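Residue numbering restarts at 1 for every chain, and letters A, B, ... go by the order of the sequence lines. Fair warning: this is a prediction, and the values are worked out from it, not measured in the lab.
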Amino acid sequence: MSIEHRDDTGDRFGMWLFLYTEVILFSGLFILYAVSLSRFPGDFAQGSHQLNIYLGSINTIVLLTSSLTIALAVSAIQMNRIRQCLTLCGVTVVLALVFLVNKYFEWSAEISHGIYPGSQHLAEMGAGVSAFFNLYYFTAGLHGLHVLIGGSLIGVVAVLTARGKITSERYTLLENSALFWHLVDLVWIFLFPLYYLIL
Amino acid sequence: MSEHKHEPVPYRTFILIWIALLALTAITIAVSRVHLGPLNVWVALGVATLKSSLVLFFFMHLKQETRLFRLGLLVLLVILAIFIGMTFIDTLYR
Amino acid sequence: MSESTTYTGFWQESPRPGILGWLLSTDHKRIGIMYLCCITTMFIVGACLGLALRLELIAPGVTVMTPQTYNATFTVHGIIMIFMFLIPSIPAAFGNLLLPIQIGARDVSFPKLNLISWYCYVIGAILAMFAIFGGGGAPDTGWTFYVPFSTQTSTNVSLVAFAAFMLGFSSILTGINFVTTVHRLRCKGLTWGRLPLFVWTLYATAWVQVLATPMIGITLVLIILERTFGAGLFDAARGGDPILFQHLFWIYSHPAVYIMILPGMGVISEVIPTFARKPLFGYWAMALSSLAIAFAGSLVWGHHMYASGMSDFAILIFSFLTFIVAIPSAIKVFNWVSTLYKGSIELAPPMLFALAFIFNFAIGGLGGLALGAAASDIHLHDTTFVVGHFHYVMFGGGGFALFAALHYWLPKFTGRMYRHKPAVISWALLFVGFNITYMAMQAVGIMGMPRRYYDYLPQFHTLNLISTIGSWILAVGLIIMFVNLWQGARKGRPVGKNPWGAATLEWTIPSPPPIENFGAEDPVVTKGPYEFKGVVADEY
Ligand code: HEM
Ligand SMILES: [Cu+2]
């Protein structure tokens with residue numbers, strides 16, 4: 001549009017609205033989870049025990065830390081500390097990669113045990129355990145996809161910052177990408193105890 | 001359109017929040033190793049809610065935003081509660 | 001009308017020439033027109049399929065198509081009409097055309113996102129066409145995609161589910177855009193109490209689009225995953241629950257019916273005061289009942305599931321809540337009628353369609369109560385009464401509201417007036433044909449004829465025959481209407497700024513509006529949207 005029209009608050013509000021849609025998207029899976037948990041509490045505990053709580057905890061710490069670094073990056077750009085901002089974005093991207101690599105090892109171990117959606121082994125473990133693992137794979141998979149998208153987004157934003165397209169005067173893009181990244185963190189905050197810590 | 005700019009949040013605040021988040025994570029893991037029956041899930045959800053509010057209000061700057069943003073979040077939570085709760089009206093009484 | 005008759009506003013002014021000026025335009029009016037072209041095409045395709053269905057039902061037994069073709073045809077008809085026609089019809093087409101102008105803005109908050117949303121729609125529509133005509137066979141699940149059938153049938157369900165996902169994404173982007181626009185871009189003096197009702201309904205609809213649509217997104221994704229991995233998420237033998245699928249589906253799809261009807265109600269709320277020359281009766285009741293409908297719409301999805309095996313307690317609650325939702329809808333009907341009371345009514349074509357809307361919507365709404373009451377629904381569920389009911393609401397309501405909007409605003413955006421006599425004739429044919437078609441379907445449904453069957457028992461013949469004949473009258477009406485509007489847009493008599501004498505902002509700027517709508521000076525609003533004092537209609 002030819003008119004120069006700027007509304008940062010509106011841009012952020014639009015992003016929040018988009019985040020609401022993401023929450024609802026995940027809530028569909030959480031509804032399935034909640035109903036299945038109330039139906040098969042014992043089987044869910046059994047399934048949960050087979051997940052690797054150490055990898056899960058490490059990934060939690062990784063994500064929380066990456067949330068910190070991207071939050072700091074926003075403060076940095078506001079204070080016009082471009083170098084720091086770039087470093088913080090870089091750390092966030094690296095942490096996103098660490099998360100995904102962890103996830104890769106976790107999943108390959110589970111798959112090599114014959115645990116994956118629709119597998120023969122799962123079917124033998126009974127209805128409740130299958131339900132648990134199906135939901136685990138689909139929820140964590142959707143979340144992993146979001147990690148991938150969020151990480152790439154922050155990478156792009158870092159490049160734009162380095163090129164001077166994002167400045168301490170105009171940084172909504174960075175802010176909005178950070179918001180998206182925090183959402184990824186929020187989802188994991190619920191996902192982790194619900195899948196890894198059921199006793 | 002008037003540009004309403006946020007004051008940058010000092011690094012220290014964020015780091016404190018991060019420490020709190022890690023502490024809460026340690027707490028959930030610890031509590032989850034104690035048998036409390038169905039209470040376990042509720043404790044886990046409670047701690048997760050606390051953690052999310054920290055992320056929402058500080059990391060996501062909700063504290064600095066206008067009322068509209070908080071109202072929007074409230075609407076979302078109400079709708080979410082309806083979607084989940086009303087589904088349970090079916091499944092719990094089947 | 002500015003100085004000459006060759007003035008063409010946004011049709012002509014564009015940073016890029018030719019077709020690219022459209023395909024890459026972020027101007028809300030151009031995007032609105034592109035949406036309008038798409039939904040009209042989709043409507044025509046869908047209507048042809050509907051007529052084919054009616055033709056098959058003209059007599060018992062196979063008449064023109066095989067049972068499998070019938071299944072595919074009603075599925076494709078439903079998917080096209082819901083996801084590609086009605087949901088984007090008024091919000092995306094007329095919302096884009098009018099929302100910024102009615103609030104005195106130059107564009108929506110996110111013009112680029114707006115264009116992306118149109119592309120999502122187009123991609124979704126193209127993918128759906130592939131699913132329908134590609135190998136593997138057109139989907140035959142019904143537009144509801146119910147499991148277990150949808151996870152087992154060999155037809156192109158995954159592709160069409162992905163197409164619907166894209167269409168949903170497009171709808172979400174429009175919703176985000178409109179909520180933000182209404183909050184951030186209202187011009188000076190345009191307080192919430194001065195918003196035109198059409199804007200109120202678009203605003204309420206946009207919230208529903210944002211908060212409900214993702215649920216269909218995840219549901220469709222799960223269908224695709226289920227078909228790919230065969231995990232058994234909805235298979236009772238493997239720890240799943242098929243009824244949960246229905247919950248997820250209707251958590252979106254009931255609110256979706258409000259996406260379809262609310263903006264239509266907004267159109268009617270604009271048309272009625274203009275042609276009664278009276279302020280809308282009960283402005284705040286109308287505005288707030290839009291929000292109330294949007295909210296309460298999220299509470300009642302279970303009324304589609306009385307016969308599914310859901311718990312009795314849930315049936316009780318959902319049935320009760322369904323009756324509550326009737327209240328805000330009834331408020332609207334009463335307020336329109338009160339607006340008409342003692343008005344100086346001018347029966348111009350838009351007004352005729354608006355009146356038909358009220359009539360059809362009242363019948364559809366009352367039929368809805370019969371379906372909302374659990375006791376009678378057990379009898380009526382999955383009969384053609386349901387089909388009659390939702391056509392009354394969606395076609396007689398949403399569709400007729402779109403026709404009203406076309407007759408009301410097309411002169412604004414083309415700068416030309418269609419001929420009134422054919423418009424009235426088409427209206428009469430549509431109204432009569434519509435009521436014959438669907439009243440007969442409702443009647444035969446009460447007698448017990450199930451929906452989604454190509455065949456029926458001999459005692460249902462007469463009513464089915466009547467219904468099919470009605471559908472032909474309807475078709476003639478549609479043809480006359482579209483031809484007349486097309487000719488009007490091309491060669492009609494030029495109109496001035498305000499042919500109807502309406503008081504909202506869009507009538508203060510030239511027809512068709514220029515790019516960026518308001519010239520150099522942003523408008524300032526000093527009065528409500530329905531204060532007609534001092535407003536004079538231009539001659540045409
Ligand atoms: C020319 C106009 C139309 C005719 C003749 C027509 C006719 C029909 C018929 C005969 C059925 C199938 C009934 C059955 O076997 O169960 C049907 C289903 C349906 N129609 Fe229409 N219709 C028309 C327009 C519309 C419009 C405008 C909409 C919505 C905006 C619509 C939405 C639907 C839906 C959602 C279904 C259900 C599909 C399913 O069962 O999955 N129709 N229509
Ligand atoms: Cu409904």
Side-chain angles (χ1 to χ4, degrees), chain A residues 1-40 43-44 47 116-120 122-139 141-142 145 176, chain C residues 15 25-28 105-113 168-169 172-173 175-181 183-185 206-207 209-222 225-226 228-241 243-245 247-249 251-252 515-516:
Chain A
M1 213 66 271
S2 54
I3 20 145
E4 178 61 18
H5 155 265
R6 181 168 168 194
D7 176 16
D8 290 356
T9 310
D11 291 353
R12 281 201 308 278
F13 187 61
M15 190 64 196
W16 275 87
L17 287 173
F18 180 68
L19 297 189
Y20 299 164
T21 70
E22 293 279 4
V23 172
I24 301 276
L25 189 78
F26 277 98
S27 79
L29 288 163
F30 277 105
I31 289 177
L32 292 185
Y33 173 90
V35 172
S36 311
L37 174 67
S38 73
R39 189 170 305 151
F40 309 105
D43 290 335
F44 265 50
Y116 52 88
S119 78
Q120 190 58 39
L122 257 194
E124 284 158 11
M125 288 201 289
V129 182
S130 313
F132 176 84
F133 277 106
N134 288 336
L135 287 170
Y136 161 74
Y137 272 103
F138 293 155
T139 316
L142 190 62
L145 188 67
N176 280 348
Chain C
S25 172
T26 52
D27 177 44
H28 66 94
R106 285 160 192 273
D107 210 314
V108 289
S109 274
F110 310 114
K112 283 191 199 121
L113 215 56
F169 197 63
I172 287 178
L173 293 181
I176 291 177
N177 225 330
F178 285 5
V179 173
T180 315
T181 307
H183 273 289
R184 304 293 304 173
L185 298 186
W207 272 107
Q209 286 174 295
V210 168
L211 292 178
T213 315
M215 202 53 107
I216 194 75
I218 191 70
T219 315
L220 295 166
V221 168
L222 288 177
L225 289 175
E226 212 28 65
T228 320
F229 294 106
L233 269 185
F234 300 114
D235 178 354
R238 286 184 283 167
D241 182 347
I243 297 180
L244 273 184
F245 174 84
H247 276 298
L248 292 188
F249 181 82
I251 285 178
Y252 166 71
I515 211 157
E516 291 184 5

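- Interface remark: C:Ile176 contributes backbone and side-chain atoms alike to the contact with chain A (heavy atom separation under 4.5 Å).
- The stretch residues 122-136 of chain A participates, sequence neighbours left out, in these side-chain hydrogen bond (donor to acceptor under 3.5 Å, both in side chains) pairs: A:Glu106-A:Tyr136, A:Trp107-A:Tyr136, A:Glu110-A:Tyr136.
- Neither the backbone nor the side chain of C:Leu173 comes within contact range of chain A; no heavy atom of the residue lies under 4.5 Å from a heavy atom of that chain.
- For a residue to count as touching a neighbouring chain, one of its non-hydrogen atoms must lie under 4.5 Å from one of that chain's; by this rule C:Phe110 touches chain A with the side chain only.
- Residue C:Phe234 touches chain A through its side chain alone, counting heavy-atom pairs closer than 4.5 Å.
- For A:Tyr20, the part lying near chain C is the side chain, with the backbone staying farther off; criterion is any non-hydrogen pair under 4.5 Å.
- Scanning for salt bridge (Lys or Arg N to Asp or Glu O under 4.0 Å) contacts around A:Asp11 gives an empty result, with sequence neighbours left out.
- Surrounding CZ of C:Phe169 are at most 12 heavy atoms belonging to other residues, nucleotides or ligands under 6.0 Å away.
- Both the backbone and the side chain of C:Leu211 come within less than 4.5 Å of a heavy atom in chain A.
- Among all heavy-atom pairs drawn from C:Ile218 and A:Leu142, the shortest one is CD1-CD2, 3.9 Å.
- Here the closest heavy-atom approach between residue C:Ala206 and residue C:Gly175 is recorded as CB-O, 3.5 Å.
- Ranked by heavy-atom pairs shorter than 4.5 Å toward chain C, the options A:Gly128, A:Ala131, A:Gly14 are led by A:Gly14.
- Within the 4.5 angstrom heavy-atom criterion, only side-chain atoms of C:Leu222, from C-beta onward, approach chain A.
- In this structure, A:Arg12 and A:Asn176 approach most closely via the heavy-atom pair CA-OD1, 3.7 Å.
- Neither the backbone nor the side chain of A:Leu122 comes within less than 4.5 Å of any heavy atom in chain C.
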Worksheet entry | side chain to side chain contact (heavy atoms under 4.5 Å, CB included) assessment of A:Val35 paired with C:His247 | CA-CA 12 Å; A:Val35 172; C:His247 276 298; over 6 Å; no
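- When A:Trp16, A:Tyr137, A:Phe40, A:Phe138 are compared by the number of non-hydrogen pairs under 4.5 Å with chain C, A:Phe138 comes out ahead.
- Interface remark: of the candidates A:Ile24, A:Ile31, A:Leu135, A:Ile24 forms the most heavy-atom pairs closer than 4.5 Å to chain C.
- Side-chain atoms of C:Arg184 and A:Phe13, non-hydrogen and from C-beta on, never get closer than 4.5 Å to each other.
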